Amino acid sequence: MSELLNYILAHEDAFRKNRLPSLYSDFTLQRTTNPDGYAVNVGAWEQALIKAARQGYISRGAGAGQVKSSHLVLKANESLLRDLEIPELGQPVALSTVIDEAVGKRTMVPLQVYRTSGASLRRRGWIDPGALSPWNVMSWGMKQLRGIVVGSDSSGSAAPLRGQELVLVENLQEAASRVVKQATAQASSKMDLVNSKEGFMNEYAGILDAGVDFSETDFDVLLLYLSRDSGSIAYDGKTIKFRPTPDTPTEITQQDTTIASIKTLMWTMIKQADILEVKIAELTATAKTALNNKNRISALSAVRSKKLAEHNLQRRFDTLAQLEEVYSKIEQATDQVEYVRVMEASTGVLRGLNTQVGDAAKIDEVVDELREEMSKVDEVGNIMSEAGPEIDETEIDDELEALEHKDQEAKDEEEAEETRKKLAELESLEQTTKEAARAERDLDSALTDRLSQMSVEDVPGAAH
């Protein structure tokens with residue numbers, strides 16, 4: 001079995017062994033006879049394909065020393081059917097029905113339609129069902145090819161799978177969200193938000209699966225979504241600039257292009273240096289092996305090549321150091337420009353506020369007026385205090401003493417009541433104890449009288 005099928009069988013609960021015959025059958029016929037079963041089978045296949053693509057199990061291939069896969073675009077063709085084939089059950093018969101349902105729900109969108117549509121996937125009316133759009137033209141053409149228009153598909157069975165490429169909307173939106181989150185989190189300056197297409201592809205190739213890179217088509221779709229549909233980046237086909245806020249300019253300037261070029265060149269120098277370092281290590285090992293084998297000529301050739309590689313490596317390091325210095329100066333200048341812009345804006349704000357406040361003479365006048373008004377308030381308060389009734393301080397002291405005396409009496413009464421309760425409890429306990437002792441004495445007396453009245457003959461076991 002293929003890696004794709006192994007992944008689906010291992011990770012999808014819906015693809016249990018007892019469910020496989022139903023999933024691989026022509027369940028298209030259940031659309032009217034068993035709608036619930038039909039919906040379950042369609043949903044199981046749809047989610048299985050979307051998740052498998054997200055994990056990099058669709059259309060795998062190698063490129064530039066790294067495994068590449070189609071994470072965002074599903075190639076629905078005969079190759080996909082072969083990858084899903086089970087020897088006991090064959091190929092999934094109703095896969096074309098699954099694709100049709102997904103296209104109808106817009107969880108999968110034909111690639112050509114997505115590229116040519118100028119509207120956003122997020123808007124409800126992305127494609128007007130009543131308009132003569134490529135979507136409707138394609139749908140009508142597919143139905144004609146299947147015989148729906150002429151009525152030859154009246155049996156309701158699944159049609160053969162037509163080869164087409166479909167954008168997986170869920171995976172596309174997830175990848176875009178991760179890219180934007182990572183880019184904005186790592187950006188310490190505006191220059192970090194600018195990159196070339198090549199640099200973008202190198203940095204975010206494994207955004208969904210670190211072990212499997214995006215395909216070229218994936219990147220084209222992702223960049224189209226980020227620039228056209230979500231507005232997260234500005235993109236002119238070569239240079240990419242992330243837009244952390246909606247008011248960030250959408251145009252790519254010459255400064256942005258230059259920054260992207262420098263970053264790409266720096267990345268290229270680093271990759272070349274890595275390759276040269278590996279080559280130097282290999283040549284060193286070759287020279288040592290040749291010396292051990294007494295092959296002086298091969299050893300000299302390896303050492304000569306090693307010296308040349310070391311010379312090239314040093315040149316790469318020198319170039320990289322110069323590029324890093326230039327990049328640092330540009331970054332410093334960019335920060336200075338931003339600083340000056342903020343200072344200018346701050347100066348304008350302060351100027352406006354100072355205009356509203358006025359000069360120092362006006363401030364002194366306002367403060368004097370404020371003090372005068374405050375003194376008037378104090379004067380009025382003093383007059384009102386003088387007009388109030390006179391209170392004898394002796395009466396206040398007597399009333400306070402009376403309140404304290406009353407409060408003390410209340411406390412003494414509470415303590416006396418508490419003492420009476422405790423004494424009553426002690427008397428009750430003592431009375432109970434006396435009664436218990438009296439009952440015990442009565443019991444002992446009764447027992448003594450009973451024993452004295454018993455005769456020897458009454459004792460059990462006595463001899464006759």
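None of these values were measured; they are calculated from a predicted model.
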Kindly say whether [Y] contributes a backbone atom to a donor-acceptor pair with the side chain of [X] at under 3.5 angstrom?
X    : Y    : result
T334 : I330 : yes
S69  : I58  : yes
D192 : S188 : yes
S298 : N295 : no
S177 : Q173 : no
D218 : H71  : yes
T184 : K181 : yes
R228 : Y225 : no
N293 : A290 : no
T116 : V113 : yes

Step through the shown structure and confirm whether more than 12 heavy atoms of other residues, nucleotides or ligands are within 6.0 Å of CZ on R178.
->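 Enclosed: over 12 neighbouring heavy atoms sit under 6.0 Å from CZ of R178.
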
Should the heavy atoms of other residues, nucleotides or ligands under 6.0 Å from CD of Q182 be counted, would the total exceed 12?
->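 Yes, CD of Q182 has more than 12 neighbouring heavy atoms, counting only those of other groups under 6.0 Å.
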
Is there a side chain to side chain contact (heavy atoms under 4.5 Å, CB included) between L74 and L80 once you walk through the steps?
-> CA-CA 9 Å; L74 173 68; L80 178 62; 4.1 Å; yes

Distance only, no hydrogens: is a donor on one side chain within 3.5 Å (strictly under) of an acceptor on the other, for S232 and S230?
->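 Yes - a donor-acceptor pair under 3.5 Å links their side chains.
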
Scan side-chain atoms only and decide if D318 and Q314 contain a donor-acceptor pair under the 3.5 Å cut-off.
->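 Q314 and D318 do have a side-chain donor-acceptor pair below 3.5 Å.
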
Name all pairs fulfilling the side chain to side chain donor-acceptor pair (under 3.5 Å) condition that reach into residues 366-381, sequence neighbours left out, sorted by first residue then second.
->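 Passing the test, one end in residues 366-381: no pairs.
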
Mind jotting down which residue pairs meet the side chain to side chain donor-acceptor pair (under 3.5 Å) criterion with at least one end in residues 262-283? Sequence neighbours excluded, please.
->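 Every side chain to side chain donor-acceptor pair (under 3.5 Å) pair that includes a residue of residues 262-283, provided the two are not neighbours, is S196-T264, Q272-R316.
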
Student check: side-chain heavy atoms of [X] and [Y] closer than 4.5 Å:
X    : Y    : value
P244 : T248 : yes
R304 : L308 : no
R106 : V169 : no
E310 : I280 : yes
M266 : L320 : yes
Q186 : E203 : yes
K238 : I252 : no
S189 : D335 : yes

Looking at every heavy atom in both [X] and [Y], which two are closest together, and how far apart are they?
X    : Y    : answer
T286 : A302 : CG2-CB, 4.1 Å
L193 : A183 : CD2-O, 4.2 Å
T239 : A260 : CG2-CB, 3.9 Å
A94  : T28  : CB-OG1, 3.8 Å
A76  : L161 : C-CD2, 4.0 Å
A287 : A299 : O-CB, 3.9 Å

Only pairs at least two apart or in different chains count here, so list each salt bridge (charged side-chain N to carboxylate O under 4.0 Å, His left out) that has a residue in residues 75-91.
->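 For residues 75-91, and leaving out neighbouring residues, there are no salt bridge (charged side-chain N to carboxylate O under 4.0 Å, His left out) pairs at all.
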
Could you check L72, I99, V73 and say which one makes a side-chain contact (heavy atoms from CB on, under 4.5 Å) with L166?
->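 Answer to the side-chain contact (heavy atoms from CB on, under 4.5 Å) test with L166 among L72, I99, V73: I99.
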
Are any of the side-chain nitrogens in K411 or E414 under 4.0 Å away from the carboxylate oxygens of its partner?
->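 Salt bridge absent between K411 and E414.
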
E331 bridged to K190 by N-O distance under 4.0 Å |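 Salt bridge flag = no for K190 with E331.
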
Can you name the salt bridge (Lys or Arg N to Asp or Glu O under 4.0 Å) partners of [X], sequence neighbours left out?
X    : result
K294 : none
E12  : none
D220 : K197

Given E170 and R54, is the salt bridge (Lys or Arg N to Asp or Glu O under 4.0 Å) satisfied, shown in steps?
-> CA-CA 9 Å; E170 182 179 329; R54 183 178 299 182; 3.0 Å; yes

Could you please spell out the steps behind the side chain to side chain contact (heavy atoms under 4.5 Å, CB included) verdict for L84 and I8?
-> CA-CA 9 Å; L84 296 173; I8 292 176; 3.8 Å; yes

Roughly how far apart are T257 OG1 and D236 CG, rounded to 0.5 Å?
->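 Reported to 0.5 Å precision, the distance equals 5.5 Å.
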
Side chain to side chain donor-acceptor pair (under 3.5 Å) between T253 and D256: does it pass, once the steps are laid out?
-> CA-CA 5 Å; T253 64; D256 296 330; 3.0 Å; yes

Under the side chain to side chain contact (heavy atoms under 4.5 Å, CB included) criterion, do L208 and F214 qualify, and how do the steps go?
-> CA-CA 9 Å; L208 287 184; F214 276 7; 4.0 Å; yes

Please list all pairs meeting ring pair (Phe, Tyr, Trp, His ring centres under 6.0 Å) that have one or both residues in [range], counting only residues at least two apart or in different chains.
range            : value
residues 176-207 : F200-Y204
residues 295-332 : none
residues 350-372 : none

Residues in side chain to side chain contact (heavy atoms under 4.5 Å, CB included) contact with V349, at least two apart in sequence or another chain |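 Partners of V349 under the side chain to side chain contact (heavy atoms under 4.5 Å, CB included) test: L353.
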
Side chain to side chain contact (heavy atoms under 4.5 Å, CB included) partners for E418, two or more places apart =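 By the side chain to side chain contact (heavy atoms under 4.5 Å, CB included) rule, E418 matches K422.
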
Show me, pair by pair, the donor-acceptor contacts under 3.5 angstrom made by side chains of residues 33-49, not counting sequence neighbours?
| residue | atom | partner | partner atom | Å |
| --- | --- | --- | --- | --- |
| T33 | OG1 | L29 | O | 3.2 |
| N34 | OD1 | G37 | N | 3.2 |
| Y38 | OH | R31 | NE | 3.4 |
| Y38 | OH | R31 | NH2 | 3.1 |
| Y38 | OH | E101 | OE2 | 2.6 |
| N41 | OD1 | R19 | NH1 | 3.4 |
| N41 | OD1 | R19 | NH2 | 2.7 |
| N41 | ND2 | S22 | OG | 3.1 |
| W45 | NE1 | L23 | O | 2.9 |
| E46 | OE1 | K105 | NZ | 2.9 |
| E46 | OE2 | T107 | OG1 | 2.9 |

Please assess L81 against L95 for the test side chain to side chain contact (heavy atoms under 4.5 Å, CB included), listing each intermediate value before the final yes or no.
-> CA-CA 8 Å; L81 288 174; L95 193 60; 3.6 Å; yes

